[in-house]
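Comments concern the structure below.
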There are 2 protein chains.
Amino acid sequence: MSKLRSAPTLDDVARKAGVSTATVSRCLNDPERVVTATRERVMSAVTTLGYTPNFAARVMAAKRSFTIGAIIPTMENAIFARGLQAFQEEIHRQGYTLLVSSSAYRPEDEEEQIRTLVARGADGLLLIGHDRAPRIFDFLEQRKMPTVVAWSFIPEKDTPSIGFNNRQAMKALAAKVIKLGHTRLAAISGIRQGNDRARLRIEGIKDAMEMNNLPPDSLPIIETSYEIENGAEAFANLMSQTERPTAVLCGNDVLAVGAVRQAQDMGIRVPDDVSVTGFDDIELARIINPPLTTVHVPHREMGRKAAQALIEMIETGSAGQSLELPTEIVSRQSLDRAN
Amino acid sequence: MSKLRSAPTLDDVARKAGVSTATVSRCLNDPERVVTATRERVMSAVTTLGYTPNFAARVMAAKRSFTIGAIIPTMENAIFARGLQAFQEEIHRQGYTLLVSSSAYRPEDEEEQIRTLVARGADGLLLIGHDRAPRIFDFLEQRKMPTVVAWSFIPEKDTPSIGFNNRQAMKALAAKVIKLGHTRLAAISGIRQGNDRARLRIEGIKDAMEMNNLPPDSLPIIETSYEIENGAEAFANLMSQTERPTAVLCGNDVLAVGAVRQAQDMGIRVPDDVSVTGFDDIELARIINPPLTTVHVPHREMGRKAAQALIEMIETGSAGQSLELPTEIVSRQSLDRAN
DNA sequence: ACCCTATTTGTAAGCGCTTACATTCTAATT
DNA sequence: AATTAGAATGTAAGCGCTTACAAATAGGGT
C-alpha cells in the first residue's frame, strides 16, 4: 500500500544528502562545480528518492525552458510530419524539447497557440509560412521571441525563413508543362487565404504563362482544402467545362492524387487525355498509378536546418538568417506532351 | 524604438487597474467571482498592457497545468497522426493543451520522455501500447499520473486501454484468407520487441492457423521496421524460398504496399500469383494498385475516446475504464482465392 | 437605525527551483 | 605557523502566480 506522497523536491534530496539545495541544483545543472564525493552522495539520494526536477519551477527560476514551440497547420499531412520529425530530432540532439500544436489552418487558433507557447516560456518558435496578421509578429518582436518561418523562403521578410521558393519552383514546373505543348492549363489550389505556399505556387504558374505569352488571367483556378476527395471534386468540376484543359497543375500531391483518381473514375486517361502534376513529392506520389510528376522538396533537411538556425538565434541572440533550399522537378508518368 | 521591457506581470495589471493581484487572477480564472465594473477595468488593463499569463508560475501555484502529454512512436506514420489529431481536437475543446513527443520506437527515449512530460506537470498521459518496462508504470502510479494506453485493447492491464483487439482482428483476417483456400501463408511483421500491436497481430495469424489445422510454427515471419522499402525487401526474401507462399499477411499497410510494389517489380501478379493483405487502412491502401484488403481501424474515434477517458480520469480522479473499439475487414483486390 | 449575512476584494504565504553573494574549507606559498 | 587565493558549499532572495483567510462593503430584515 503506497503512501499518498507527492513528488520529492530538491529540498528532500538536499536533506537526504546532507547538503544545501544550491549544491543539489549544481549537481544537476553544472556537475563540474561540485566535488566528486559530494556529487555521488547527492546523485544517490536522487535515485533512491526517484527525484525528477519540477519543470515549472525550473523555468521560473532560470527564465529558460529549453523548449521550442512549433505550430503547424495539421499533423495529418505527411510533409509537415516529416519536416517536423527532423526538426525534433535535431533540437533533441541539442538538449531541447519540442512542443507542437496544430492550428487546423485556422488563423485565430494559430494566434492563440502562439500566445500559449510564448506563455509557456518557449525559448523559440517555428512557424509555417509568412502569411499572418502583423500584430502577431509585433507581439513576438516585443517579447524578443526568436522565431523562424519554414516551408517558405521570402528573404525580404523580417522573420528569417528556412525554406524554398514556392513561386519559382512552380514556375519551373509550369514552364516545363507549357514546353510540352500544353496551352490550356488549369489549377487546383489549396486555400490561398493565409497560406503563402498556396498563393505563391499559383503566382508561379501565372509567371510561366506570362513568360510564354499565355494570358495568366485565363487560368481556371479551383481552390479547395487539403483532402484527396476535394481534389477529385475539383477535377470533375474542371472537366465539366466546355473547353477542357489538357494539363491540370495541382498545388500539392494530395489534390493531384484526387485528380488522378477522379480521372480514372470518369474514364479520362492520364496522361493521354489530360496531364496532372503535383507538388511536395510525398509517398503517395510514387505509389499512385500513373506516378505523379511533381516538385520534390527536401523536407527533412529543411526541418534540420530550421532547427539549427533557431537554436543559434536562441543561444547567440542573433537576428538569424534566411536560407533557401533547392527543389527539383521529379518527372514521372502523369505529365506528357499535349496531343 | 521599443524599450527593452520584459513581459508584463499580474502585478503590473493589478497596479494599472488599481486592484490587488488576487482580483486580477480571479478575473482571469473565475470571472463570475468579480463584479462587472471591476472586471472591465481589469480586462482593459490586460489588453492595453498586452498581458499574457506566465504558464510556469501558474502551474506552480495551481499545481495544475491543463496540459496533456502524448508520446507516440513516430509522427511520420499516418495512423498515429490521424488519431493524435482527433485526440488533440478533443482535449482542446475541453481547455487542455497537447504536448507531443515521439520516441522513434526507442524504449529508452520513450522512458525519458515520459519523465520529462511528468516533470513538466502534465495532468495526464497518452501512451501507445502496453509493452514497456514495469518500472515505468510503477513510476506513473507512484506519481498518481492519470494514464491511458491507446492503439491496443488489453482489459487485463492495470492501465486502461482505449483501442482495439489486434489479435482478434488479425485472426479474423487470417481466417478469411485461409477460407479462400490459402494454406501456404507468410507474414511480414513490424518489430515485435516492445510493440504489442505487432506482436499480437502475429499471434492472431497463428490462432487462425491453429483453428484451421495448419501448423502455426510453420509460418515464415520476417520482422522489419516501418518503411515501404523494408516491406519490399521482406517480400523479395519470402519469394526466394523454394516453397513460395500464396498469401502474404503484413502487419501494416506500409509494409503491404512495399510488398505489392516489389511483386510488380518481380513480375509476380497480385492477387493472381500471390495475395497480400495489410492492416490499418491508411490512404495508401486504397490508392495503390491493386488496392489492399486490410483491417480498418477507427483512428479518429479512438483518439477522441481516449481524450474523453483521460480527461475524465483527470477531473474525477477515477481509475478509468478500458474501451474496445470495433475494427472491420475491408475487402479490396489484393486478396483473392488460392489457385 | 441596527444587526447579520452574503458578496466582493485584499493580504500574504507559499509552489520548487536558480543564482548572486557570503561563508567556509583546502592547500599552496611564505 | 601564518597568510591567502581559490575552490566548495551555504544562505536567502526572488521568479509570477493561486488561494486560504481576513477584511471591507453591500443589502435585507427587523
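Quick caveat: nothing in here was measured; it's all calculated off a predicted structure.
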Of the listed C:dC17, D:dT18, D:dG16, the closest approach to the B:R58 side chain comes from D:dT18

Run the salt-bridge test on B:R93 and B:E90 with the 4.0 Å N-O cut-off and return the result as yes or no.
yes

Looking only at D:dT18, D:dA12, D:dG14, the nucleotide nearest the A:A61 side chain is D:dG14

Here the distance between atom P of C:dT19 and atom CE of A:M60, to the nearest Å, is 14 Å

Under 4.0 Å: is that the gap between some side-chain N or O of A:T38 and OP1 or OP2 of D:dT9?
yes

Which whole-number value in Å describes the distance from B:L10 CG to D:dG16 P?
10 Å

Any side-chain N or O of B:K63 less than 4.0 Å from the OP1 or OP2 oxygen of C:dG16?
yes

Does B:D196 use its side chain to pair, donor to acceptor, with the backbone of B:G129 at less than 3.5 Å?
no

To the nearest angstrom, the CZ-P distance between A:R39 and D:dA8 comes to 10 Å

Identify whether any heavy atom of B:A62 sits under 4.0 Å from a base atom; if not, whether one sits that close to sugar-phosphate; answer base, sugar-phosphate or nothing.
sugar-phosphate

Can a side chain N or O of B:N29 be found less than 4.0 Å away from OP1 or OP2 on D:dT18?
yes

Rounded interatomic separation in angstrom, taking CZ from A:R64 and C1' from C:dT18
14 Å

For the residue pair B:F153 and B:L325, establish whether any side-chain heavy-atom pair is separated by less than 4.5 Å.
no

Rounded interatomic separation in angstrom, taking CD from B:E40 and P from C:dT9:
12 Å

I need the CZ-P distance between A:R33 and D:dT9, as an integer number of Å.
10 Å

Under 4.0 Å, counting only non-hydrogen atoms across every strand here, what does A:S25 touch: a base, just sugar-phosphate, or nothing?
base

Please state whether the phosphate of D:dG16, meaning OP1 or OP2, lies under 4.0 angstrom from any side-chain nitrogen or oxygen of B:T9.
no

Check every strand shown and say whether B:V19 touches a base, only sugar-phosphate, or nothing at a heavy-atom separation below 4.0 Å.
sugar-phosphate

Counting only side-chain nitrogens and oxygens, does A:S20 get under 4.0 Å of the OP1 or OP2 atom of D:dT11?
no

Contacts of B:A56 and B:T23 projected onto DNA chain D by closest heavy atom; the upstream (5') one is B:A56

note: B:N54, atom CG; C:dC15, atom P; distance rounded to Å ~ 18 Å

D:dT19 P sits how many Å from B:R26 CZ, rounded?
10 Å

Is the backbone N or O of B:N29 less than 3.5 Å from a side-chain atom of B:R33, with the two atoms forming a donor-acceptor pair by type?
no

A:R135 to A:F139, cation-pi by 6.0 Å centre distance and 45° axis angle
no

If you pin A:Y51 and B:R41 to their nearest nucleotides in DNA chain C, which one's is more 5'?
B:R41

